[in-house]
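What follows is a short report on a single structure.
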Amino acid sequence: MSSRVFEVLQQMLKLRKDRSVAQSKRVQAEFERVRNFNLQVESYAKEYETQWVKAAQQGDTVLNLQTQANFGLNLRATAKSQEPEVQALKSQSREALDKALQDAQRLKTLQSFLAKRKQQRQRQFEKHEDKALEDVLQARQNIK
């Protein structure tokens with residue numbers, strides 16, 4: 001294959017790797033955002049449960065106690081309903097990272113191949129040059 005084909009292939013692999021790395025970063029950021037929001041909702045639920053216990057110990061009205069308890073339960077339910085989305089994003093994030101790593105490995109493999117190919121061509125060129133120099137020296141000795 002010509003070196004131009006390998007250059008184009010290398011550029012395509014670079015673009016592919018860059019896209020997959022960017023996609024991985026976007027999915028990871030979305031996963032972190034949703035996970036942090038879910039953790040925040042769970043934290044609020046715990047806070048309301050603590051307030052509910054304090055209010056109950058202080059003898060607050062039944063209506064206030066029910067309101068606080070219901071709000072805390074709603075927060076917990078919201079956090080629980082977000083769990084499938086968090087898990088899906090976690091899985092997508094892992095898959096996107098794996099794809100980015102695979103693309104980076106493909107590029108690295110091609111670059112390694114091209115470097116070895118270049119070294120091999122350089123050795124062949126040097127060997128050819130040495131042979132030509134020997135031929136010239138041999139020809140000079142035959143002339144004398």
Side-chain angles (χ1 to χ4, degrees), residues 1-57 60 63-144:
M1 281 192 185
S2 73
S3 62
R4 180 69 182 138
V5 171
F6 284 117
E7 288 175 20
V8 170
L9 183 58
Q10 185 175 12
Q11 289 174 350
M12 288 173 50
L13 285 175
K14 281 181 183 178
L15 288 172
R16 185 175 177 176
K17 180 195 73 119
D18 291 346
R19 277 194 308 253
S20 61
V21 166
Q23 175 67 14
S24 176
K25 287 179 181 180
R26 279 192 300 274
V27 172
Q28 179 66 28
E30 180 66 9
F31 165 67
E32 290 295 327
R33 186 189 67 74
V34 170
R35 184 179 64 130
N36 288 337
F37 176 76
N38 203 33
L39 291 173
Q40 190 176 25
V41 169
E42 287 177 2
S43 173
Y44 289 156
K46 286 179 187 176
E47 187 178 315
Y48 271 92
E49 287 171 1
T50 303
Q51 288 179 5
W52 180 82
V53 169
K54 285 181 184 176
Q57 289 172 347
D60 205 351
L63 180 61
N64 279 343
L65 291 175
Q66 284 180 330
T67 302
Q68 287 179 349
N70 285 339
F71 190 71
L73 290 173
N74 287 339
L75 285 173
R76 286 253 184 233
T78 300
K80 188 165 182 73
S81 72
Q82 291 290 318
E83 229 10 77
E85 182 180 357
V86 171
Q87 291 305 318
L89 283 170
K90 183 178 183 180
S91 176
Q92 288 175 8
S93 176
R94 199 175 312 120
E95 290 170 8
L97 179 60
D98 288 346
K99 184 178 182 331
L101 291 172
Q102 288 173 356
D103 289 344
Q105 185 60 41
R106 283 186 188 108
L107 179 60
K108 183 179 175 183
T109 301
L110 178 65
Q111 289 172 334
S112 175
F113 169 77
L114 292 176
K116 286 179 184 177
R117 186 174 178 214
K118 184 177 178 181
Q119 288 175 346
Q120 186 180 29
R121 283 187 173 176
Q122 183 62 31
R123 282 193 300 267
Q124 287 175 344
F125 175 75
E126 290 170 358
K127 190 176 181 180
H128 180 71
E129 257 188 358
D130 290 346
K131 176 91 170 98
L133 184 59
E134 286 177 17
D135 289 347
V136 168
L137 291 174
Q138 186 67 32
R140 280 188 182 173
Q141 281 183 351
N142 290 342
I143 292 177
K144 290 182 181 182

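These numbers come from a predicted model, not from an experiment. Position 1 is the first residue of the sequence, and the numbers go up from there.
Within the model, atoms OG of S112 and CD of Q105 stand 9.5 Å from one another, a figure rounded to the nearest 0.5 Å. Atom CG of N64 is separated from atom CH2 of W52 by 13.0 Å, given to the nearest 0.5 angstrom. Taking CG of L9 as the reference point, atom CZ of F113 lies at 10.0 Å (rounded to 0.5 Å). L75 CG to Q40 CD: the interatomic distance, rounded to the nearest 0.5 Å, is 10.5 Å. The CE atom of M12 sits 12.0 Å away from the CG atom of L107 when rounded to the nearest 0.5 Å. Here the CD atom belonging to Q82 is positioned 10.5 Å from the CD atom belonging to E42, to the nearest 0.5 angstrom.
With a 4.5 Å cut-off on side-chain heavy atoms, Q141 and Q138 count as touching. Side chains of K116 and Q120 form no contact here, defined as non-hydrogen atoms less than 4.5 Å apart. Counting heavy atoms from C-beta outward, K118 and L114 have side chains that stay 4.5 Å or more apart. Counting only heavy atoms from C-beta outward, the side chains of F71 and T67 never approach each other to under 4.5 Å. Residues R76 and K80 are not in side-chain contact: their nearest non-hydrogen atoms beyond the backbone lie 4.5 Å or more apart. Contact annotation: the side chain of H128 never approaches that of F125 to less than 4.5 Å [non-hydrogen atoms, C-beta and beyond]. Side-chain atoms of L137 and E134, non-hydrogen and from C-beta on, never get closer than 4.5 Å to each other.
Taking a cutoff of 4.0 Å between a charged side-chain nitrogen and a carboxylate oxygen, D98 and R94 do not qualify as a salt bridge. A salt bridge is absent between K46 and E49: the closest approach of a Lys/Arg side-chain nitrogen to an acidic carboxylate oxygen does not fall below 4.0 angstrom. Contact check on R106 versus D103 returns a salt bridge, with a Lys/Arg side-chain nitrogen under 4.0 Å from an Asp/Glu carboxylate oxygen. Comment: E32 engages R35 in a salt bridge, judged by a side-chain N to carboxylate O separation of less than 4.0 angstrom.
Shown here for S3 and R121, the closest heavy-atom pair between the two residues is CB-NH1, 4.4 Å. Annotation for L110 and L13: closest pair CD2-CD1, 3.6 Å, computed over non-hydrogen atoms. Listed here is the closest heavy atom pair of G72 and Y48: CA-CB, 4.2 Å. Heavy-atom minimum distance, Q92 versus V27: C-CG1, 3.6 Å. For the pair E85 and V34, the tightest heavy-atom approach, listed with the atom from each and the gap, is OE2-CG2, 3.9 Å. The two residues Q68 and Q51 come nearest to each other via the heavy atoms OE1-O, 3.7 Å.
Donor-acceptor pairing under 3.5 Å is recorded for the side chains of Q122 and E126.
Judged by distance alone, with hydrogens and angles left aside, the side-chain atoms of S43 form no donor-acceptor pair with the main-chain N or O of L39 at under 3.5 Å. Side chain of S20 to backbone of R16: a donor-acceptor contact under 3.5 angstrom is found.
Counting non-hydrogen atoms of neighbouring residues, nucleotides and ligands closer than 6.0 angstrom, the NZ atom of K90 reaches no more than 12 such neighbours.
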